[in-house]
There are 4 protein chains.
Amino acid sequence: MKTKDRIVAAALQLFNEQGEANVTTNHIAAHLGISPGNLYYHFRNKNDIIHRIFQQYAEHLRKSFTPVTGPASASPAVWFHYLDAIFYVMWEFRFFYANLNDILHRDPELHKKYLAVQRELAVNLQALLRELNAQQVLAIPDQEIDPLTQTLKMVVSFWVSYQSAQSLDPRISQAVLYEGVARVLLLLKPYFHPEKGAELAKLSEHYQALARTPSDPFHK
Amino acid sequence: MKTKDRIVAAALQLFNEQGEANVTTNHIAAHLGISPGNLYYHFRNKNDIIHRIFQQYAEHLRKSFTPVTGPASASPAVWFHYLDAIFYVMWEFRFFYANLNDILHRDPELHKKYLAVQRELAVNLQALLRELNAQQVLAIPDQEIDPLTQTLKMVVSFWVSYQSAQSLDPRISQAVLYEGVARVLLLLKPYFHPEKGAELAKLSEHYQALARTPSDPFHK
Amino acid sequence: MKTKDRIVAAALQLFNEQGEANVTTNHIAAHLGISPGNLYYHFRNKNDIIHRIFQQYAEHLRKSFTPVTGPASASPAVWFHYLDAIFYVMWEFRFFYANLNDILHRDPELHKKYLAVQRELAVNLQALLRELNAQQVLAIPDQEIDPLTQTLKMVVSFWVSYQSAQSLDPRISQAVLYEGVARVLLLLKPYFHPEKGAELAKLSEHYQALARTPSDPFHK
Amino acid sequence: MKTKDRIVAAALQLFNEQGEANVTTNHIAAHLGISPGNLYYHFRNKNDIIHRIFQQYAEHLRKSFTPVTGPASASPAVWFHYLDAIFYVMWEFRFFYANLNDILHRDPELHKKYLAVQRELAVNLQALLRELNAQQVLAIPDQEIDPLTQTLKMVVSFWVSYQSAQSLDPRISQAVLYEGVARVLLLLKPYFHPEKGAELAKLSEHYQALARTPSDPFHK
DNA sequence: GATGAATGAGTATTCATTCAT
DNA sequence: GATGAATGAATACTCATTCAT
């Protein structure tokens, strides 16, 4: 693993554990046993590191939320895929969600990338919902697709912040994020096709069980 | 106006305009034309000032969301009252919403007060929704009252952050917050009694109109 | 009791309890329930207060160490008088002994007064020792009177500091100061007339007993 | 000379010249022509610098007062060694002696180290005195060894403070410290073996001469 | 690729003292 | 006599970033 990648990985880890504001570039360097100068050889900036992390984040979003089309999209496996992806992104980049505005407003270039990714994501989500409508899994009135997409994005975007504000401990657990996944499912519940009720119940059960797990297992 | 109050007012204004993290105690003092020492004569801390602002915030919440009981709660005036209160609190303390976690996790004492206020608010909101159920204005199934309360709180709590993240300009307009009020109404829409449809439409119209207003008028 | 005197008394108490450097003029005023302005109405300075305390200190020294002359000086009561006076002055003005150099070098005027008092004290002590020589209580060779005086003064002057440095707790107990009194007696021991041995033993016993007392009684 | 060492040396010099309390970290940095940030790159704290100085102090004490055993301890050279060491430590770390209690009570960790060093020193001094007894240089009754050790330590510890209080100028001269060395010798005088009188006189003469020297030579 | 010493602007806070009322 | 609001200079410490080697 190259130094450049090790820096990104260490920064991500420390940001997630301690909050981006509390992690200095010197901390990252010390954590890796390299010199601060070396860190600045690979990255022009602290923000530059965050850009690289954001890139990973964006790639995950793109890969994970490319709409599956055709009958395959009706299978339960697809639901697990999307919901696990939501969890993964919330957990892996929780520092980003926890400090979204600080990070974005400090760096307009990153902010623009973020907005582009969000737009793209919205398009994908809408396509996805329409596909699920077509596959008779969901039944969302057309004019509600847009606001629902927005609500979903908003809940996912601020679930980490919301939960962090609920506890004196700034760190969040995986359990709390699975709760967020279950909440997303709840938002979709009114639109599930009647005969998909059992399927929904099973999914819901699955994530609620994970939300009850005290340890931090990762769904595979 | 006493110096102590002028400090609180100036701090609130500057925090809202520039973000709490970017406003130093010296900035506040300079903005008022007083010495830093004088500021520290009236407040022990920067946090002490924030505590005072939070107190104002909490008082507004308490006063504004004390549930109205009896037939009066069915009048449209009550809706205007509550929705305007939501707007007021989001606008007047937007710096707080925009930096919620930073502020809370830096000051555990404040965090405890915040959690207490939130609990109290949840109780009041639930009582309010039940009363509106009783008055046949809403028809929320009992087991949905709690999750709905949570969702409402979450949307209000992070609307400012959410909207801030959507724009390159960190400052948010009143219009955007009226949009948030309209969104709250939207969350309640499914539960409105059928014959209250017209009333709802009127309310919705009102706030959507405000959300379209480019200048910053304030509903009275 | 006049405000002026109350200020001096409060300052002395707080200085002794918490150390002069840790007691601000505002502390003193708050402790008395008066305004800082009022304190400065009565005293030009924090140093001015210390001057007043020093004056009390100097008066005690003068009164207590005026040499008793004639056969009376041979009585044990005289010894108790002098040794109790040493204890009193160490206890009552322990903040002064604990911060001697800080206080003196910050205020040359006070320093001059201090040096004058010390010179006067040295003269008195020497006269006293000579009288005790004359009364056949002590037998100090003439050329040793001066160095002995100096040693006595030095031990008394820095006993408080010395003991404070021996303990992690900056506060000193009365017991520890009685130990200092016993130490003074020890310095004189070699010069006691052989037949005064019993008397010396009794004195020594007395102060060593007090040094063992855990509570803080005051000898009268 | 490395920057780290230069900082320690400059701090020691400025502390000795102006008193520890009057020397800020910025003063030290400015005096060396380096940035305050650089100083904090090498030391976490002002206290951290003092810890480093204390370490040097402790090392000197340990090295210099390791008891010499055997007949060698009877030679005059040994006396010069010990008395010069006393002088050196009083001179080189005079700021420490001048502000002992301020420095110790502000930093409990340092205070503990200090007490440990003092205990070790007491043990060494007692061993040394016993060896000199064995070598027939001194004749100290066994039960007087402990109090004598204490007195020696106390005189050395507070000689700097004592002398500083005697003069309006807070700075102390080397001459005055040589006087302190002579005083130490005086305390031992009663216990010198009769036939060592000439030797003692020579030693005493030596340090008294240095105490009379206005310039600041250093015995080698 | 990597080191690590160096920069310097920035920030919250303290406290003896003043003065209009 | 007394109030209490106001002053302002001073201080320890941080951290993203640079650059000679």
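Residue numbers begin at 1 in each chain, while the letters A, B, ... track the order of the sequences.
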A.B. asks: For Val23(B) and for Gly37(C), find the nucleotide of DNA chain E with the closest heavy atom, then tell me which residue's nucleotide is more 5'.
C.D. replies: Val23(B)

A.B. asks: So does His42(A) get a side-chain nitrogen or oxygen closer than 4.0 Å to the phosphate oxygens (OP1/OP2) of dA2(E)?
C.D. replies: yes

A.B. asks: Does this structure show an ion pair linking Arg106(C) with Glu20(C), if we count only N-O contacts that are shorter than 4.0 Å?
C.D. replies: yes

A.B. asks: Can you check the distance between dT21(F) and dG1(E), where both ends of the measurement are the C1' atom (answer in whole Å)?
C.D. replies: 13 Å

A.B. asks: Please assess Trp91(C) against Asn16(C) for the test side-chain contact (heavy atoms from CB on, under 4.5 Å), listing each intermediate value before the final yes or no.
C.D. replies: CA-CA 9 Å; Trp91(C) 175 254; Asn16(C) 278 334; over 6 Å; no

A.B. asks: Reading DNA chain F 5' to 3', how would its secondary structure be written in dot-bracket notation, given Watson-Crick and G-U pairs with both distances under 3.5 Å, brackets [ ] for crossing pairs and | for partners on other strands?
C.D. replies: .||||||||||||||||||||

A.B. asks: Can you work out whether Thr3(C) or His27(D) has the more 5'-proximal nearest nucleotide on DNA chain F?
C.D. replies: Thr3(C)

A.B. asks: Using heavy atoms to find the nearest nucleotide of DNA chain F for Lys2(C) and Thr24(D) separately, return the residue whose nucleotide is more 5′.
C.D. replies: Lys2(C)

A.B. asks: Taking the side chain of Asn38(D) as heavy atoms from C-beta outward, which of dG1(F), dT7(E), dA5(F) is closest to it?
C.D. replies: dT7(E)

A.B. asks: Grab the CG-C1' distance between Leu32(D) and dA5(E) for me, whole Å please.
C.D. replies: 14 Å

A.B. asks: Whether Asn45(D) contacts dA12(F) is assessed here as follows: a side-chain N or O lying under 4.0 Å from the phosphate OP1 or OP2. Is that the case?
C.D. replies: no

A.B. asks: Does one side chain, of His105(A) or Ser164(B), offer a donor that lies under 3.5 Å from an acceptor on the other?
C.D. replies: yes

A.B. asks: Do Tyr97(C) and Phe158(C) have ring centres separated by under 6.0 Å?
C.D. replies: no

A.B. asks: Determine: side-chain N/O of Tyr40(B) to OP1/OP2 of dT13(E), distance under 4.0 Å, yes or no.
C.D. replies: yes

A.B. asks: Could you tell me the separation between the CG atom of Asp5(D) and the P atom of dA5(E), rounded to a whole number of Å?
C.D. replies: 12 Å

A.B. asks: Please report the distance, rounded to the nearest Å, between CZ in Phe43(C) and C1' in dA2(F).
C.D. replies: 15 Å

A.B. asks: Within the 4.0 Å heavy-atom criterion, would you say Asn26(B) contacts the bases, only the backbone, or no part of the nucleic acid?
C.D. replies: base

A.B. asks: Looking at dA5(E), dA2(E), dA5(F), which one has an atom nearest to any side-chain atom of Tyr41(A)?
C.D. replies: dA2(E)

A.B. asks: Apply side chain to side chain donor-acceptor pair (under 3.5 Å) to residues Lys113(D) and His51(D) and explain how you reach the verdict.
C.D. replies: CA-CA 9 Å; Lys113(D) 286 187 189 174; His51(D) 271 259; 3.1 Å; yes

A.B. asks: Measure NZ/Lys4(D) against C1'/dG4(E) and give the value in whole Å, please.
C.D. replies: 13 Å

A.B. asks: Closer than 4.0 Å, any side-chain N/O of Ser35(C) to the OP1 or OP2 of dA2(F)?
C.D. replies: no

A.B. asks: Nearest whole angstrom, please: distance from the C1' of dA10(F) to the CG of Asn22(D).
C.D. replies: 13 Å

A.B. asks: Is the Phe95(C) ring parallel, tilted or perpendicular to the Phe15(C) ring (thresholds 30°, 60°)?
C.D. replies: tilted

A.B. asks: Looking at Phe43(C), is Lys4(C) sitting on its ring face, NZ or CZ under 6.0 Å from the six-membered ring centre and within 45 degrees of the normal?
C.D. replies: yes

A.B. asks: Just checking Thr25(C): base, sugar-phosphate only, or nothing, at a heavy-atom cut-off of under 4.0 Å?
C.D. replies: base

A.B. asks: Choose from dA5(F), dT17(F), dA12(F) the nucleotide whose nearest atom is closest to any side-chain atom of Lys46(D).
C.D. replies: dA12(F)

